[in-house]
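These numbers come from the heavy atoms of this one structure, side chains and all, not from hydrogens, waters or symmetry mates.
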Amino acid sequence: MKDFLLGALPFIIIGICLAIICANFKNEKKTYCSEGMAIGMCFGVAVASALHINLGLGISIGMLIGEAIGICKEKKD
């Protein structure tokens, strides 16, 4: 069961993040997309090294989650 969850979870997370990014793609407002990607990458490295999973997978999923969160927040002028 654990192997199945670890195998399927990245694809579920990627699908959810891509849906959020595509939903906000035509938004012309300034967002925290790049800041979210940088912070997400840092958290992805930390989580990947703490849980002893593939570092490349942790970086990529962290960047996707950070970008999806950052694109939902709007910058104030």
Side-chain angles (χ1 to χ4, degrees):
M1 184 71 175
K2 180 182 176 184
D3 292 333
F4 174 74
L5 289 177
L6 289 177
L9 187 64
F11 296 110
I12 294 170
I13 292 172
I14 289 170
I16 292 170
C17 291
L18 287 176
I20 292 171
I21 290 168
C22 290
N24 291 321
F25 185 69
K26 294 186 178 183
N27 191 1
E28 297 293 328
K29 298 176 183 175
K30 294 182 180 179
T31 60
Y32 290 102
C33 183
S34 58
E35 291 89 348
M37 283 185 355
I39 293 171
M41 187 171 21
C42 294
F43 281 126
V45 168
V47 169
S49 62
L51 297 178
H52 302 291
I53 60 173
N54 188 0
L55 191 61
L57 184 66
I59 290 172
S60 61
I61 290 177
M63 276 177 57
L64 264 175
I65 292 173
E67 182 182 9
I69 292 171
I71 208 166
C72 293
K73 303 282 184 176
E74 296 178 9
K75 285 186 180 179
K76 295 181 182 178
D77 291 332

Side-chain heavy atoms of Ile61 within contact of Val47, under 4.5 Å
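The answer is no; the side chains never approach within 4.5 Å.
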Checking Ile39 now: which residues fulfil side-chain contact (heavy atoms from CB on, under 4.5 Å) with it, not counting sequence neighbours?
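Here the qualifying residues are Phe43.
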At their closest point, which heavy atom of [X] faces which heavy atom of [Y], and how far apart are they?
| X | Y | result |
| --- | --- | --- |
| Met41 | Ile59 | CG-CG2, 3.7 Å |
| Lys75 | Tyr32 | CG-CZ, 3.5 Å |
| Ala48 | Gly58 | CB-CA, 3.9 Å |
| Ile71 | Thr31 | O-CG2, 3.5 Å |

In this structure, would Ile65 and Leu57 fall into the same cluster of hydrophobic residues linked by side-chain contacts under 4.5 Å?
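Yes, one cluster joins them.
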Please answer: with hydrophobic residues joined when any side-chain heavy atoms are less than 4.5 Å apart, are Met63 and Val45 in the same cluster?
yes
Between atom SG of Cys42 and atom CE of Met37, what is the distance when rounded to the nearest 0.5 Å?
11.5 Å
